[in-house]
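So the structure is just underneath, and the comments pick up after that.
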Number of protein chains: 2
Amino acid sequence: MSLRIVLADDHQMFRHALRALLAREPAFEVVAEAASGEEVLAIAAAQPVDLVCMDIAMPGMNGIEATRRLLAENPGIRVIGLSAFADRQFVLDLLDAGARGYITKAEAGDELLRAIRTVREGRIYLCPDVAATVTGALLDRGSLYAATPRLTERERQVLQLIAEGLTSAQIGDRLHIAASTVDVHRRNLMRKLDLHNIAELTRYAIARGISPATRPADGGAAG
Amino acid sequence: MSLRIVLADDHQMFRHALRALLAREPAFEVVAEAASGEEVLAIAAAQPVDLVCMDIAMPGMNGIEATRRLLAENPGIRVIGLSAFADRQFVLDLLDAGARGYITKAEAGDELLRAIRTVREGRIYLCPDVAATVTGALLDRGSLYAATPRLTERERQVLQLIAEGLTSAQIGDRLHIAASTVDVHRRNLMRKLDLHNIAELTRYAIARGISPATRPADGGAAG
DNA sequence: TTTCGCCTACCGTGAAACCGGTAGGGCAGC
DNA sequence: GCTGCCCTACCGGTTTCACGGTAGGCGAAA
């Protein structure tokens with residue numbers, strides 16, 4: 001029987017292209033596609049799934065949280081993380097969430113096929129550049145578990161608005177809280193994430209899928 | 001004779017997947033792949049090319065500048081912009097550079113095939129969501145040409161370092177100029193791009209490929 | 001030569017960010 | 001009850017940003 005695969009990525013074109021790529025392997029069958037973490041959970045609840053190719057940066061629930069919840073309800077499903085970034089923290093978080101593989105989009109398409117075959121057999125697969133950044137962290141015990149800065153819902157909201165370019169006062173208006181409270185959330189965010197200014201917070205939010213790189217209704221960035 | 005296509009995107013996996021998608025159409029032949037604007041120019045100089053699927057955000061020379069230079073040397077080549085973002089300014093810039101099509105990665109894979117067929121016949125193709133954001137701008141005359149904020153090399157450098165989270169003083173040290181000079185560059189950047197804070201500059205830099213969403217040697221964003 | 005754009009550098013002001021502490025209320029768990 | 005976490009809010013301080021103007025040096029173009 002063929003391997004029932006779900007593709008999770010917020011870019012439909014990438015999903016379709018990946019589907020074409022995976023179609024080369026008769027043993028693989030893409031049974032569904034998801035554009036967000038919520039959709040992955042819904043699909044897994046509705047039909048049998050063997051393996052999920054999970055993008056990290058997705059709007060709404062991101063790939064890490066989605067993996068955590070997916071495996072809590074469906075321990076048998078294999079998850080392979082698929083991200084544009086080889087960020088060490090992402091890899092650690094995703095492995096901590098229970099994923100069995102992690103490859104970056106900078107790799108060749110064959111890499112994905114190889115990862116799926118490896119993970120299907122119960123082994124763990126990390127592509128070379130990811131493996132290089134992680135090995136050090138895996139060696140020192142504890143870091144894998146210590147490094148999981150869970151954000152609260154409020155912090156996530158504040159982070160998103162910071163990344164959109166709003167000031168503390170504007171964020172306060174939007175969320176109906178005082179600007180001073182927004183400052184506290186920003187400070188806690190920076191402490192939790194070990195980031196030290198708005199540029200880094202913005203990059204983090206974008207890479208994590210908490211904020212898109214450009215606003216959907218962006219009139220234009222130039223004049 | 002089949003249509004000679006070049007795929008330009010900094011993600012090898014996306015290129016390979018797209019190649020698999022385009023292989024369904026016998027009339028299309030992907031003759032080369034490029035990971036940057038420079039590579040596109042080199043390929044076009046070395047072999048005959050009919051059409052380029054050009055990603056906007058690429059490290060080094062981005063898709064807009066690459067399109068401009070490519071068409072300056074090879075007026076016969078058709079270019080289709082392929083971006084994750086439907087940012088109005090990107091579309092206008094790319095069309096101004098001479099591209100004949102623009103589709104977002106949020107669209108279906110079939111959309112790309114349709115775009116290629118349309119552009120091959122000499123027509124212009126914009127996917128629905130892009131068309132919606134652009135029509136208004138195309139109606140008021142002049143905006144298409146007025147809206148082309150070319151950045152100087154120095155401004156690009158400063159923008160990149162701002163997006164990486166450095167302060168003016170740190171940027172000044174890095175570039176061996178005074179912090180006050182960095183301030184001027186930042187001010188000119190914001191005026192040219194109609195952006196008003198560091199978060200927006202950071203988003204712009206990432207979307208434009210001037211700065212990656214995560215630092216290559218990023219040890220980890222959490223502690 | 002003059003003009004223009006770019007890079008360089010400084011002046012100033014007000015707003016916002018950045019960093020620390022304190023503290024009350026709500027709510028869940030031991 | 002006590003503890004711990006979260007959200008809320010304010011106090012203080014220094015640094016950086018955001019925005020304005022002015023201005024000299026330099027190289028390319030008209």
Side-chain angles (χ1 to χ4, degrees), chain A residues 65 68 72 145-206 210-211 221-223, chain B residues 65 68 72 145-206 210-211 221-223:
Chain A
E65 187 60 26
R68 206 186 313 274
Y145 300 99
T148 310
R150 219 75 64 83
L151 300 186
T152 68
E153 180 57 23
R154 209 46 155 177
E155 286 169 345
R156 231 201 84 269
Q157 292 172 354
V158 171
L159 173 56
Q160 180 185 341
L161 295 177
I162 288 174
E164 285 183 14
L166 276 65
T167 66
S168 291
Q170 292 171 323
I171 295 172
D173 286 347
R174 191 77 75 85
L175 299 180
H176 305 295
I177 57 177
S180 58
T181 304
V182 176
D183 286 339
V184 174
H185 288 307
R186 190 185 58 235
R187 223 158 59 207
N188 289 337
L189 278 166
M190 292 194 291
R191 183 177 43 74
K192 277 189 180 181
L193 303 174
D194 192 27
L195 304 175
H196 306 90
N197 52 56
I198 286 187
E200 291 183 351
L201 284 175
T202 303
R203 298 159 66 99
Y204 182 88
I206 291 174
I210 292 171
S211 174
Chain B
E65 187 61 27
R68 207 187 312 275
Y145 301 98
T148 312
R150 218 75 63 83
L151 301 186
T152 68
E153 179 59 22
R154 208 47 156 176
E155 287 168 343
R156 234 201 82 272
Q157 292 172 355
V158 171
L159 174 57
Q160 181 185 340
L161 295 176
I162 288 174
E164 286 182 15
L166 278 64
T167 67
S168 292
Q170 291 171 323
I171 295 172
D173 287 347
R174 192 77 74 86
L175 299 180
H176 305 296
I177 57 178
S180 57
T181 303
V182 176
D183 287 339
V184 174
H185 288 308
R186 191 185 59 236
R187 223 158 59 209
N188 290 337
L189 278 166
M190 292 194 291
R191 184 178 42 74
K192 278 189 181 182
L193 303 174
D194 191 26
L195 304 175
H196 306 90
N197 52 58
I198 286 187
E200 291 183 350
L201 284 175
T202 303
R203 298 160 67 99
Y204 182 88
I206 291 173
I210 292 171
S211 174

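The sequence lines fix the lettering, A, B, ..., with proteins before strands; numbering per chain opens at 1.
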How many Å lie between CG on B:D173 and P on C:dT8, as a whole number?
14 Å
Let's see if you can work this out: which of C:dA16, C:dC18, C:dG20 has an atom nearest to the side-chain heavy atoms of A:I198?
C:dC18
Whole angstrom value for the distance that separates C1' of C:dT8 from CD of B:E155
13 Å
Where the side chain of B:R154 is defined as all heavy atoms beyond and including C-beta, which of D:dC6, C:dC7, D:dC19 is the nearest nucleotide?
C:dC7
Go through it in stages, so that I can follow the logic: the residues are B:L195 and B:L189, the test is side chain to side chain contact (heavy atoms under 4.5 Å, CB included), and I'd like the CA-CA distance, side-chain angles, deciding distance and then a yes or no.
CA-CA 8 Å; B:L195 304 175; B:L189 278 166; over 6 Å; no
How long is the line joining NE2 of B:H196 and P of D:dG20, in whole Å?
9 Å
Protein-nucleotide distance (A:R191, atom CZ; D:dC5, atom P), rounded to Å
11 Å
D:dT15 phosphate, OP1 or OP2: any side-chain N/O from B:T167 under 4.0 angstrom?
no
Check whether any side-chain heavy atom of B:R154 sits under 4.5 Å from a side-chain heavy atom of B:I177, and report yes or no.
yes
Specify the separation, in whole Å, of atom CD of B:Q170 and atom P of D:dT15.
14 Å
Between A:R203 and B:A163 (side chain of the first, backbone of the second, donor and acceptor by atom type, cut-off under 3.5 Å), is there such a pair?
yes
For B:V182 and B:L175: C-alpha separation, side-chain torsions, deciding distance, then whether side chain to side chain contact (heavy atoms under 4.5 Å, CB included) applies.
CA-CA 9 Å; B:V182 176; B:L175 299 180; 5.5 Å; no
Just how far, in rounded Å, is C1' of D:dT16 from CD1 of B:I162?
12 Å
Quick one, which residues of residues 175-186 of chain A touch DNA chain C with a heavy atom under 4.0 Å?
A:R186
Rounded to the nearest Å, what distance is computed from the CG atom of residue A:L161 to the P atom of nucleotide C:dA17?
12 Å
Give the rounded distance in Å between these two atoms: CZ of B:R187 and P of C:dA9.
14 Å
With a non-hydrogen cut-off below 4.0 angstrom, is B:N197 in contact with a base, only sugar-phosphate, or nothing?
sugar-phosphate
CE (B:M190) and CG (B:L159) are apart, to the nearest 0.5 Å, by 11.0 Å
Could you tell me the separation between the CD atom of B:E200 and the OG1 atom of A:T202, rounded to the nearest 0.5 Å?
9.5 Å
For the pair B:K192 and B:T152, evaluate side chain to side chain contact (heavy atoms under 4.5 Å, CB included) and give the outcome as yes or no after the intermediate values.
CA-CA 11 Å; B:K192 278 189 181 182; B:T152 68; 4.1 Å; yes
